[in-house]
> 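Structure in structure tokens, see below.
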Protein chains: 2
Amino acid sequence: MKSEGDRLLESLAALANPHRLRIIEALQTNGRTYVSQLAREIGISRPLLHLHLRKLEDAGLVTSRLELSDEGKALNFYEVLPFDIALTPTSVADAAQSLSPPSKTSEA
Amino acid sequence: MKSEGDRLLESLAALANPHRLRIIEALQTNGRTYVSQLAREIGISRPLLHLHLRKLEDAGLVTSRLELSDEGKALNFYEVLPFDIALTPTSVADAAQSLSPPSKTSEA
DNA sequence: ACCACCTGTCAGAAAAATCTTACAAGGTTA
DNA sequence: TAACCTTGTAAGATTTTTCTGACAGGTGGT
């Protein structure tokens with residue numbers, strides 16, 4: 001089971017990258033897109049985008065759904081999920097209390 | 001000059017680390033402390049804490065002030081600044097527009 | 001002088017994140 | 001068949017972040 005602190009940490013790590021901020025921007029502004037198209041829009045390689053998208057999806061900030069286009073091609077569409085994270089000294093301190101210990105034998 | 005996107009990115013990177021979340025927690029819960037004392041509380045080495053504190057301070061999330069104790073010793077006290085960052089798809093997309101380009105010859 | 005604190009910083013190791021290149025496979029169209 | 005689009009992934013290099021250990025200096029007390 002993942003604690004609130006661990007989930008906050010994962011979300012922060014997912015957002016703390018310029019490419020991933022731009023990915024959110026592109027999906028939020030232009031709406032849902034598939035991977036190759038998004039790679040062209042942002043201007044990065046597709047394998048690299050794939051890595052960033054996985055990080056965002058693992059953190060629960062975006063979702064993907066495989067769809068078939070009219071021509072029968074399988075396109076993987078991504079869209080932003082409606083997250084809402086408030087960062088204040090109090091909320092951070094509160095979440096930090098439930099962080100997993102740094103020991104080696106603790107992660108689930 | 002640092003854009004809103006760059007400042008958000010710096011804040012996110014500063015918070016995206018378990019040690020630094022714990023630092024915020026300790027300072028917020030127990031109030032202001034000096035470096036060596038904080039290192040003992042959290043259980044990390046002083047040079048390592050120094051590194052994390054610098055990152056938090058660069059991002060504008062904590063401040064430090066050198067003070068003289070009653071015994072005349074110079075103690076460097078840290079405290080949390082009252083930050084308030086809201087993370088939503090809209091706010092992130094908005095900030096991402098002002099991110100510095102990834103080119104090599106752009107940082108000021 | 002010595003010990004016990006405090007401060008900072010530097011060099012190098014270790015770990016994690018990032019990025020590129022190349023491969024493998026599917027479908028559609030000519 | 002070949003060309004063009006899509007998908008994923010794996011290996012290896014590069015870069016960044018994290019961490020340790022050692023050093024240097026300050027003050028106060030024994």
Side-chain angles (χ1 to χ4, degrees), chain A residues 6 9-23 32-59 61-78 99-104 106-107, chain B residues 6 9-23 32-59 62-79 99-104 106-107:
Chain A
D6 292 339
L9 189 57
E10 191 176 15
S11 297
L12 289 172
L15 290 173
N17 178 283
H19 282 327
R20 294 197 286 270
L21 290 186
R22 279 185 238 270
I23 290 172
R32 32 185 280 118
T33 341
Y34 59 95
V35 182
S36 289
Q37 171 61 25
L38 186 55
R40 284 188 292 265
E41 285 180 19
I42 302 184
I44 65 178
S45 71
R46 196 178 48 76
L48 180 55
L49 174 61
H50 191 264
L51 176 139
H52 288 308
L53 283 174
R54 192 166 45 78
K55 216 151 200 170
L56 287 169
E57 191 167 18
D58 287 350
L61 302 175
V62 303
T63 342
S64 65
R65 189 164 41 190
L66 208 63
E67 294 182 11
L68 290 167
S69 66
D70 298 341
E71 308 90 23
K73 290 185 178 174
L75 306 181
N76 201 6
F77 276 86
Y78 275 85
L99 279 174
S100 296
S103 41
K104 250 86 174 190
S106 64
E107 52 277 72
Chain B
D6 292 340
L9 189 58
E10 190 176 16
S11 297
L12 288 172
L15 289 174
N17 177 282
H19 283 325
R20 295 197 284 271
L21 289 185
R22 277 186 239 272
I23 290 173
R32 30 185 283 117
T33 341
Y34 59 95
V35 182
S36 290
Q37 170 62 24
L38 186 56
R40 283 188 293 266
E41 285 180 20
I42 302 183
I44 64 177
S45 70
R46 196 176 49 76
L48 180 55
L49 174 61
H50 191 265
L51 178 139
H52 287 309
L53 283 174
R54 190 165 48 77
K55 216 152 198 167
L56 287 170
E57 192 167 17
D58 287 350
V62 304
T63 342
S64 65
R65 187 164 42 189
L66 208 62
E67 293 182 13
L68 290 167
S69 68
D70 298 342
E71 307 90 23
K73 288 185 179 174
L75 306 180
N76 201 8
F77 277 85
Y78 274 86
E79 64 181 310
L99 279 174
S100 297
S103 42
K104 251 83 174 189
S106 65
E107 54 275 70

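Each chain gets a letter, A, B and so on, in the order the sequences are listed, and its residues count up from 1. Below, each value reflects all heavy atoms present in this structure, side chains not excepted, and no hydrogens, waters or symmetry copies.
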> Could you give the CD-to-P distance, from A:Glu67 to C:dG26, as a whole number of Å?
22 Å
> Using the test side chain to side chain donor-acceptor pair (under 3.5 Å), find all partners of B:Thr63 that sit at least two apart in sequence or belong to another chain.
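Listed in chain order: nothing, the list is empty.
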> Can A:Glu57 and A:Lys55 be counted as an ion pair, charged N to O under 4.0 angstrom?
no
> So, is A:Tyr34 close to the D:dT7 phosphate, meaning a side-chain N or O under 4.0 Å from OP1 or OP2?
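Negative; the distance criterion is not met.
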> Can you name the side chain to side chain donor-acceptor pair (under 3.5 Å) partners of B:Asn76, sequence neighbours left out?
none
> For B:Leu48, report the nucleic acid contact type (base, sugar-phosphate, nothing); a contact means any heavy atom under 4.0 Å.
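Result for B:Leu48 = base.
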> Side chains of residues 35-43 of chain A: which donor-acceptor pairs under 3.5 Å do they make with residues two or more places apart or in other chains?
unit_1	atom_1	unit_2	atom_2	d
A:Gln37	OE1	A:Arg40	NH2	3.1
A:Gln37	NE2	A:Glu41	OE2	3.2
A:Arg40	NH2	A:Tyr34	OH	3.4
A:Glu41	OE1	A:Asn30	ND2	3.3

> Starting at atom CG of A:Leu53, determine the distance to atom P of C:dT18, rounded to an integer number of angstrom.
13 Å
> Whole-Å distance between C:dA16 P and A:Leu12 CG?
19 Å
> Sugar-phosphate atoms are those with a prime plus P, OP1 and OP2; base atoms are the rest. Using that split, label each nucleotide of nucleotides 23-30 of chain D B, S or - for protein heavy atoms under 4.0 Å, 5' to 3'.
----BS--
> How long is the span from the CZ atom in B:Arg20 to the CG atom in A:Leu12, to the nearest 0.5 Å?
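Result: 10.5 Å between the selected atoms.
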> With a non-hydrogen cut-off below 4.0 angstrom, is A:Arg54 in contact with a base, only sugar-phosphate, or nothing?
nothing
> For the pair made of CD1 in A:Ile42 and P in C:dC19, what is the distance, rounded to whole Å?
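Those two atoms, CD1 and P, are 12 Å apart.
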> Does C:dC19 have OP1 or OP2 under 4.0 Å away from a side-chain N or O of A:His52?
yes
> With sequence neighbours excluded, tell me which residues meet side chain to side chain donor-acceptor pair (under 3.5 Å) with A:Arg22.
none
> At less than 4.0 Å, is any side-chain N or O atom of A:Asn76 found next to OP1 or OP2 of D:dG8? Yes or no.
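Answer is yes, contact under 4.0 Å.
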> Find the distance B:His19:NE2 to D:dT17:P and express it as a whole number of Å.
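B:His19 atom NE2 is separated from D:dT17 atom P by 16 Å.
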> Under 4.0 Å from OP1 or OP2 of C:dT20: is there any side-chain N or O of A:Ser45 that close?
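So the side-chain polar atoms of A:Ser45 do come within 4.0 Å of the phosphate oxygens OP1 or OP2 of C:dT20, strictly under.
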> Looking at B:Asn17, I'd like to know whether one of its side-chain N or O atoms comes within less than 4.0 Å of OP1 or OP2 on D:dT18.
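For B:Asn17, the contact criterion (side-chain N or O under 4.0 Å from OP1 or OP2 of D:dT18) is met.
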> For A:Arg20 and for A:Pro47, locate the closest nucleotide of DNA chain C by heavy-atom distance; then report the residue assigned to the nucleotide nearer the 5' terminus.
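Result: A:Arg20.
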> Send over the distance from A:Asp58 CG to C:dA17 P, rounded to a whole Å.
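It is 12 Å, rounded to the nearest whole Å.
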> What is the distance, to the nearest angstrom, from the NE2 atom on A:His50 to the P atom on C:dT18?
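The answer, rounded to whole Å, is 15 Å.
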> B:Ser45: which residues meet the side chain to side chain donor-acceptor pair (under 3.5 Å) condition with it, sequence neighbours left out?
none
> Could you tell me how far apart B:Leu51 (CG) and D:dT20 (C1') are, to the nearest whole angstrom?
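It is 12 Å, rounded to the nearest whole Å.
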